[in-house]
Amino acid sequence: MEPFAAGALRATFAENVKRRRQRLGWSQEKLAFEADLHRVYMNRLEALGRNVTLDMVERLAHALGVDPVELLLQPRQPAPPSPDQAKS
């Protein structure tokens, strides 16, 4: 397990929200509308200027159609290629 970095979970959450929002083709304004939030709040959240509550995690997850846990997990890094794959 990596050492604790202050704000790491907030950064992971913001990046996951942004990635999922972009995958849906939504603007920050569209996500704000779907989650019943102000668009400025969304901008600040993605810029790490907001410290969200668990209620907000649930609200955004619902709007994005994912389980709240998915927004809190660090993305998995792709496994390095095996020596056989690297040769091909």
Side-chain angles (χ1 to χ4, degrees):
M1 189 164 160
E2 294 184 32
F4 176 75
L9 184 58
R10 184 173 25 167
T12 296
F13 177 75
E15 185 58 35
N16 287 339
V17 167
K18 181 178 180 179
R19 186 179 298 117
R20 180 68 180 175
R21 174 182 64 75
Q22 290 175 334
R23 194 175 297 147
L24 291 170
W26 290 1
S27 65
Q28 288 179 343
E29 188 170 11
K30 167 74 172 165
L31 177 53
F33 175 80
E34 294 296 327
D36 195 27
L37 300 169
H38 195 279
R39 65 176 178 75
V40 174
Y41 183 92
M42 288 308 309
N43 179 271
R44 288 185 180 156
L45 183 147
E46 289 186 8
L48 305 180
R50 296 297 307 195
N51 202 3
V52 299
T53 64
L54 291 175
D55 290 338
M56 196 57 61
V57 171
E58 286 184 320
R59 182 188 284 193
L60 287 164
H62 183 265
L64 292 167
V66 297
D67 190 290
V69 172
E70 289 185 43
L71 297 178
L72 298 171
L73 294 174
Q74 287 192 347
R76 290 186 177 173
Q77 298 298 324
S82 68
D84 293 334
Q85 290 173 327
K87 291 179 185 177
S88 48

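No hydrogens, no waters, no symmetry mates; every other heavy atom, side chains included, goes into these values. Residue numbers start at 1 and run along the sequence shown.
One distance of note links CZ of Arg44 with NE2 of His38; it measures 9.5 Å at 0.5 Å rounding. Rounding to the nearest 0.5 angstrom, the gap separating the CD atom in Glu58 from the CG atom in Leu71 is 11.0 Å. From Lys18, atom NZ reaches atom CD of Gln22 across 5.5 Å, with rounding to the nearest 0.5 Å. Rounding to the nearest 0.5 Å gives a distance of 12.0 Å between CG of Asp67 and NE2 of His62.
Listed for the Arg21 side chain is a donor-acceptor partner under 3.5 Å among the backbone atoms of Trp26.
Leu9 and Leu64 fall within a single hydrophobic cluster, where Ile, Leu, Val, Met, Phe, Trp and Tyr side chains are chained together by heavy-atom contacts under 4.5 Å. Put simply, Val17 and Leu24 are part of the same group of oily side chains (I, L, V, M, F, W, Y) that touch within less than 4.5 Å, one to the next. Linking Ile, Leu, Val, Met, Phe, Trp and Tyr residues whenever their side-chain heavy atoms come within less than 4.5 Å leaves Phe33 and Val40 in two separate clusters. The cluster map of Ile, Leu, Val, Met, Phe, Trp and Tyr, joined by side-chain heavy atoms under 4.5 Å apart, puts Phe13 and Leu48 in different clusters.
Closest heavy-atom contact between Leu73 and Asn16: O-ND2, 2.8 Å. Here the closest heavy-atom approach between residue Leu31 and residue Ala63 is recorded as CD1-CB, 3.9 Å. The minimum heavy-atom distance between Arg10 and Arg50, with the atom names listed, is CD-O, 3.0 Å. Nearest heavy atoms, Ala35 versus Arg59: O-CD, 2.8 Å. Counting all heavy atoms, side chain and backbone alike, Ala14 lies closest to Leu45 at CB-O, 3.4 Å. Shown here for Leu37 and Met56, the closest heavy-atom pair between the two residues is CD2-SD, 3.5 Å.
Counted within 6.0 Å of CD on Glu29, heavy atoms from surrounding residues, nucleotides or ligands total 12 or fewer; the atom is thus considered open. Summarising the local packing, CZ of Arg39 is surrounded by 12 or fewer heavy atoms from other residues, nucleotides or ligands at distances under 6.0 Å.
A salt bridge does not link Glu70 to Arg20: none of the charged side-chain nitrogens sits closer than 4.0 Å to a carboxylate oxygen.
Using a 4.5 Å cut-off on side-chain heavy atoms (C-beta onward), Val52 and Tyr41 make contact.
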